Amino acid sequence: MKLIFEKSVAGRGQQYLPKCDVEEVALPAGLVRKEAPKLPELSETDVSRHYTELNKRVHGVNSGFYPLGSCTMKYNPRIDEEMAALPGFTGVHPLAPAYAARGCAEALETAEQYLNEIFGMDACTFQPAAGAHGEFTGVLLIKQYHDARGDSKRTKIIVPDSAHGTNPATAAMCGYQIVNIPSAPNGCVDLDALKKVLGEDTAGLMLTNPNTVGIFDENILEITRLVHEAGGLCYYDGANLNAVMGVVRPGDMGFDCIHSNLHKTFATPHGGGGPGAGAVGCKAHLIPYLPKSKMMDESDAIQVRSFAGNFLVVIKALTYIMTLGREGIPEAARNAVLNANYMQSKIKGTFEPAFDRICMHEFVLDLSKFKKETGVSAMDVAKCMIDNGMHPPTMYFPLIVHEALMIEPTETESRETLDWACEVIRSLYELGYKDPEYMHNAPHSAQIGRPDDVRAARNPILRFHP
Ligand SMILES: *Cc1c(COP(=O)(O)O)cnc(C)c1O
């Protein structure tokens, strides 16, 4: 397929611009371009067809099953988009005086109240632009708290090995040393290992719960009690809150602060679909440090981004919460858990679950035995899924499981879709023993087969050079 620049024809499409009906003003010479920008020139029909064609080549939530574990690609209700497109929300200027933006302020306050309720926290900020940014904000709150008390010997953050990879990265960005602790054989935090590392140098613990193998830690209250006893604070990575929203509250589990990805849990599009938002909630003792939406705030509050963050993403999340309501939010969580367990038990007998127990909203398959017997890797299986019209699950993550496929079906999939997906997965398991060669060469139907992903990540070519 040709790039839009290659389809350009000089002079085409210019009739769409209205004639200039005001006096032309010459810009200062220093500000004027030396040559015209190389923009593609096309008719509206050509542009429309170009993007429709690109759209057909992409697999999105609106085209099919997309069980991306941890990153939650669930259906985004259209009404969320409609509300975020209201002119009162899109037309507001961040420096507008308070009286002119009262509706927007009320929307933010309402969203904060709902999230306080869901998180079990006392206050919330929408400033962080995404999940990892929210973690950064939350850990800085912990740091400010210790600093304000003159408690400078707390230099370590404890991170279990089942945490999301961004957790240790965040702690390091905030200047902490990371203490990694192993999981017990049941996939939960090893309490003895935790007790051993707790001490006067503990600033806090970052916990992803349910963790990255889809397990809700059964010792959660004991964990937060132990950390507090040592003088540390507890951070809850609730990026993906799909299994627990409206059912249990991280605040009640003893956590001091939390971030949640509005773009994973509260149904606003992400990935190529739009910006995200990492809402950060905290208990009363951390409120003085929580970012305020005002610029140039002179309190102790930290500032991680301008104004109120990605405001329209918050509007989508608010709409989502209001349309589901007090009954719908926990019902969505229960269905997310039900769908994951339904799939996990249907797949059993082919690829084996990494932890053979009831899961939360996602589960991890361990393909190492299958690979040993057939030579077919988790990557090969994932590529074959593309040929079957299904987006691959998250692969080779979490790191504690080898040849991992991490499946999160989400609550928005029907039983028919789940049955179909289980059938595809079963057939790929059987194919592994019959025709491994075919699987090594998959995908056979996709536009792009197997890109060199390391090179693509290290040396991305992001600009077109004519
Ligand atoms: C996705 C995710 C993050 C990071 O969120 P981003 O918006 O991608 O920065 C952190 N923790 C967990 C558990 C996640 O699933």
Side-chain angles (χ1 to χ4, degrees), residues 1-63 76-108 126-127 129-130 262-263 267-277 293-295 305-320 447 460-466:
M1 185 175 163
K2 276 187 177 174
L3 297 176
I4 197 159
F5 295 98
E6 294 164 334
K7 291 180 181 169
S8 176
V9 176
R12 184 156 301 163
Q14 302 206 345
Q15 63 274 29
Y16 290 108
L17 290 175
K19 276 221 165 58
C20 180
D21 60 358
V22 291
E23 201 184 320
E24 279 192 35
V25 179
L27 291 171
L31 299 178
V32 179
R33 292 174 178 277
K34 296 203 174 43
E35 50 183 314
K38 293 194 180 67
L39 297 174
E41 297 176 62
L42 294 99
S43 70
E44 188 171 319
T45 326
D46 292 337
V47 174
S48 171
R49 285 187 186 150
H50 179 78
Y51 286 105
T52 304
E53 184 54 35
L54 278 179
N55 188 16
K56 280 196 272 185
R57 293 173 179 225
V58 168
H59 186 101
V61 182
N62 291 322
S63 43
N76 303 298
R78 283 294 154 264
I79 189 171
D80 301 356
E81 297 293 333
E82 280 169 38
M83 293 304 115
L86 290 175
F89 291 141
T90 55
V92 70
H93 192 282
L95 290 175
Y99 72 84
R102 253 183 220 141
C104 296
E106 189 183 330
L108 285 172
F126 297 111
Q127 230 181 46
L262 301 187
H263 52 286
T268 96
H270 64 116
S293 52
K294 279 202 307 284
M295 285 293 274
R305 198 178 183 280
S306 52
F307 308 109
N310 287 332
F311 172 63
L312 295 175
V313 177
V314 182
I315 297 300
K316 291 178 202 179
L318 173 62
T319 310
Y320 180 77
Q447 303 288 338
I461 301 169
L462 302 174
R463 284 181 64 197
F464 171 68
H465 296 282

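This is a predicted model, so every value here is computed, not measured. Positions are given from 1 along the sequence.
- Among pairs with a residue in residues 28-62, those fulfilling ring pair (Phe, Tyr, Trp, His ring centres under 6.0 Å) read His59-Tyr66, His59-His391, at least two apart in sequence or across chains.
- Note that NE2 of His93 is 12.5 Å distant from SG of Cys104, once rounded to the nearest 0.5 Å.
- Environment of CD in Glu106: sparse, with no more than 12 heavy atoms of neighbouring residues, nucleotides or ligands closer than 6.0 Å.
- Scanning for side chain to side chain donor-acceptor pair (under 3.5 Å) contacts around Asn310 gives Arg305, with sequence neighbours left out.
- Listed by first then second residue, pairs satisfying side-chain hydrogen bond (donor to acceptor under 3.5 Å, both in side chains) with a partner in residues 23-47 read Gln14-Glu41, Ser43-Asp46, not counting sequence neighbours.
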Candidate pair Met1 and Lys7, rule side chain to side chain contact (heavy atoms under 4.5 Å, CB included), full reasoning: CA-CA 10 Å; Met1 185 175 163; Lys7 291 180 181 169; 4.2 Å; yes

Could you tabulate the donor-acceptor pairs under 3.5 Å formed by side-chain atoms of residues 78-88, not counting sequence neighbours?
{"residue": "Arg78", "atom": "NH1", "partner": "Asn76", "partner atom": "O", "Å": "3.1"}

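- The two atoms that bring His263 and Gly276 nearest to each other are ND1-CA, 3.3 Å, heavy atoms only.
- Counting only residues at least two apart or on different chains, no salt bridge (charged side-chain N to carboxylate O under 4.0 Å, His left out) pair has a member in residues 85-96.
- Scored by the side chain to side chain donor-acceptor pair (under 3.5 Å) test, Arg57 finds Glu53, Gln447 as partners (sequence neighbours excluded).
- The side-chain contact (heavy atoms from CB on, under 4.5 Å) search around Pro97 returns Tyr99, Ala100, not counting sequence neighbours.
- In this structure, the side chains of His270 and Val313 stay at 4.5 Å or more apart for every pair of heavy atoms.
- Side chain of Gln127 to main chain of Ser306: no donor-acceptor pair is present (N/O by atom type, distance under 3.5 Å, no hydrogens or angles).
- By the side-chain contact (heavy atoms from CB on, under 4.5 Å) test, Ala107 pairs with Phe89, Ile315, Leu318, sequence neighbours left out.
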